[in-house]
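These notes are about the structure you will find just below.
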Number of protein chains: 2
Amino acid sequence: MATPDRPGFALPLLLLAGFRTLIDDLHAELARQGHPELRPLHGFVLQAVGTAGTTASDLGHRLGVSKQAAGKTVDRLVALGYLERTDDPRDARRKLVRTTPRGLDGLRRSAVIFDDLRDRWCATLGADRVAALEDDLRRVTAADVFRLDVPGWFGT
Amino acid sequence: MATPDRPGFALPLLLLAGFRTLIDDLHAELARQGHPELRPLHGFVLQAVGTAGTTASDLGHRLGVSKQAAGKTVDRLVALGYLERTDDPRDARRKLVRTTPRGLDGLRRSAVIFDDLRDRWCATLGADRVAALEDDLRRVTAADVFRLDVPGWFGT
DNA sequence: ATACGATAGTCAATGTGGTTGACCAAACCG
DNA sequence: CGGTTTGGTCAACCACATTGACTATCGTAT
């Protein structure tokens, strides 16, 4: 039986209420620092490629999407100058995907910006809210998210 | 100055590593119970509409997207029988969006499925991991997510 | 009363990110 | 050698989002 394109592994996320605005701020600052083309997903992709390089299929596995989707995203990042493709001398089927110097620059700037914004974000979060995280995790329902009048649904 | 379509409010999410697989399981079960068309986003939308009803513009504000995007999503859910549109007798510009009985059925089934899966998911999470959430929140970096070799980026 | 500005909804064009299915070439293995 | 995986790509399609332009309606201040 042929191996399916998609693994039983989902992209690891750690998003809290309000986290998305933090990420929006990060990309606004990133655009100011010379990376206006870098979109949210691209961070995951550059990170998943890493400095060691990888292939489109493996990238798909790491990100939990099909190899075709990974290939198209690599196409875009190659066009933007963040990734590059080279042939694998040991396997003519494979094409190695590597981060370019521009890609590394984007990663490093993101790191600095993220650290700064995260600190400010945590400061505004409130210690009691953070302490309540464990309970939230076990009891999250729609009422915790939207506080509306239909009980129990968590949207997804 | 005209009010822009998009507010400074982002869709509230509470997603942890692995949470997406939980949501996938929820929709698989939902499909088995007669709602195969219901997609992840639709849960948020039905929840945001609630039993009181709303309008496309307000829905966009609640979900943090443009009124056009909200309108198109409502179109799809109307076509699927989960929402319905009626005229507002007090304002000829507005069209009230309300949840249909089928929509409510989907919400209620989702609630039951979610509660069951959440319990099972929490059981497999490990108490120590849950207890470490507060620290994770303050120290999350790329290394916590991908554990690769480029420091500090959190993908988004 | 009217004229203006804000609001509600829609249409069109476009971009991004994802899917399936089909296909080919290279590699692996009995 | 021959059959089966595997890696990559192409094509068609779908879901969800954007911006810009446009119409109709409402509210309000002159």
Side-chain angles (χ1 to χ4, degrees), chain A residues 1-7 10-11 13 20 23-24 27 36-45 48 53-80 82-83 85-97 155-156, chain B residues 1-7 10-11 13 20 23-24 27 36-45 48 53-80 82-83 85-97 155-156:
Chain A
M1 177 179 67
T3 303
D5 288 340
R6 298 199 58 192
L11 181 65
L13 298 179
R20 208 169 92 176
I23 295 306
D24 288 345
H27 283 89
E37 319 273 27
L38 222 42
R39 300 182 50 74
L41 175 71
H42 299 160
F44 279 121
V45 176
T54 180
T55 66
S57 281
D58 180 56
L59 195 55
H61 275 79
R62 292 193 195 187
L63 297 176
V65 300
S66 65
K67 62 181 181 180
Q68 295 95 326
K72 281 204 283 188
T73 302
V74 170
D75 286 344
R76 280 182 214 113
L77 285 170
V78 167
L80 294 173
Y82 289 93
L83 293 178
R85 265 193 255 248
T86 59
D87 289 334
D88 186 335
R90 292 176 303 188
D91 187 336
R93 294 171 305 177
R94 310 176 98 216
K95 294 187 182 172
L96 296 178
V97 176
T156 80
Chain B
M1 179 179 67
T3 303
D5 288 340
R6 298 198 58 189
L11 182 66
L13 296 178
R20 208 169 94 176
I23 295 306
D24 287 346
H27 283 89
E37 319 272 26
L38 224 41
R39 300 182 50 74
L41 176 72
H42 299 161
F44 279 121
V45 176
T54 180
T55 66
S57 283
D58 180 56
L59 195 55
H61 275 79
R62 291 193 196 186
L63 298 175
V65 301
S66 64
K67 62 179 180 179
Q68 295 93 327
K72 281 205 283 187
T73 303
V74 170
D75 286 344
R76 276 181 221 112
L77 285 170
V78 167
L80 293 174
Y82 288 94
L83 294 178
R85 265 192 256 248
T86 59
D87 289 333
D88 186 336
R90 291 177 305 188
D91 187 337
R93 294 172 304 179
R94 310 174 99 218
K95 295 186 181 172
L96 296 178
V97 176
T156 83

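Every chain is numbered from 1 and lettered A, B, ... according to where its sequence line falls, protein lines coming before strand lines. Owing to the predicted nature of the structure, the values given are computational and were not obtained by experimental measurement.
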* Structure fact -> B:Gln68 has its side chain closest, among D:dA21, D:dG8, D:dT9, to D:dA21
* In whole angstrom, what separates A:Phe44's CZ from C:dT16's P? -> 19 Å
* To do: May I have the distance from B:Tyr82 (atom OH) to D:dA15 (atom P), rounded to whole angstrom?
  => 14 Å
* Asked: Less than 3.5 Å between a donor and an acceptor, one on the side chain of B:Lys95 and one on the base of C:dG9, is that the case here?
  -> no
* Phosphate OP1/OP2 of C:dG17: any A:His42 side-chain N/O under 4.0 Å -> yes
* Taking only N and O in the side chain of A:Ser57, is any of them less than 4.0 Å away from OP1 or OP2 of D:dT6? -> no
* For B:Arg90 and C:dA8, is the shortest distance between a side-chain N/O and OP1 or OP2 below 4.0 Å? -> no
* Shortest side-chain distance from B:Arg39, nucleotide among C:dG9, D:dA15, C:dA27 -> D:dA15
* **Evaluation steps, side-chain contact (heavy atoms from CB on, under 4.5 Å), between A:Thr55 and A:Val97** => CA-CA 5 Å; A:Thr55 66; A:Val97 176; 5.8 Å; no
* Asked: Under 3.5 Å, side chain of A:Arg94 to main-chain N/O of A:Asp88, donor-acceptor pair present?
  -> no
* Does A:Lys72 get its side chain close enough to the base of C:dG18, under 3.5 Å, for a donor-acceptor pair? -> yes
* State, to 0.1 Å, how close A:Val45 and A:Leu59 come at their nearest heavy-atom pair, and which atoms those are. => CG1-CD2, 4.0 Å
* Taking atom C1' of D:dC13 as reference, at what distance in whole Å does atom CZ of B:Arg76 sit? -> 13 Å
* Among the candidates C:dT19, D:dG8, C:dA8, find the nucleotide nearest to the side-chain atoms of A:Ala69. => C:dT19
* Structure fact -> note: B:Leu59, atom CG; C:dT7, atom P; distance rounded to Å ~ 18 Å
* Structure fact -> On a heavy-atom basis, the closest approach of B:Leu63 and B:Ala48 is CD2-CB, 4.0 Å
* Describe the nucleic acid contact of A:Ala92 in one word from base, sugar-phosphate, nothing, applying a heavy-atom distance below 4.0 Å. => sugar-phosphate
* Does A:Arg85 have any side-chain hydrogen bond (donor to acceptor under 3.5 Å, both in side chains) partners at least two apart in sequence or in another chain, and if so, which? -> A:Asp75
* Quickly work out the A:His61 NE2 to D:dG8 C1' distance and round it to whole Å. => 14 Å
* Exercise: identify the closest heavy-atom pair between A:Leu38 and A:His27 -> O-CD2, 3.2 Å
* To do: Check whether any side-chain N or O of B:Ser66 sits under 4.0 Å from OP1 or OP2 of D:dT18, and answer yes or no.
  => yes
* Structure fact -> B:Lys67 atom NZ is separated from D:dA24 atom C1', nearest whole Å, by 12 Å
* **Whole angstrom value for the distance that separates P of C:dA8 from CG of B:Leu96** => 12 Å
* Of the listed nucleotides D:dT18, C:dG9, C:dG21, the one nearest the side chain of B:Thr55 -> C:dG9
* If you check every side-chain atom of B:Ala56, which of D:dG7, C:dG9, C:dT20 has the closest atom? -> C:dG9
* Asked: What is the distance from CG of B:Asp75 to C1' of C:dC11, rounded to the nearest Å?
  -> 11 Å
* Listed nucleotide nearest any side-chain atom of B:Val65, set C:dA8, D:dG8, D:dA17 -> D:dA17
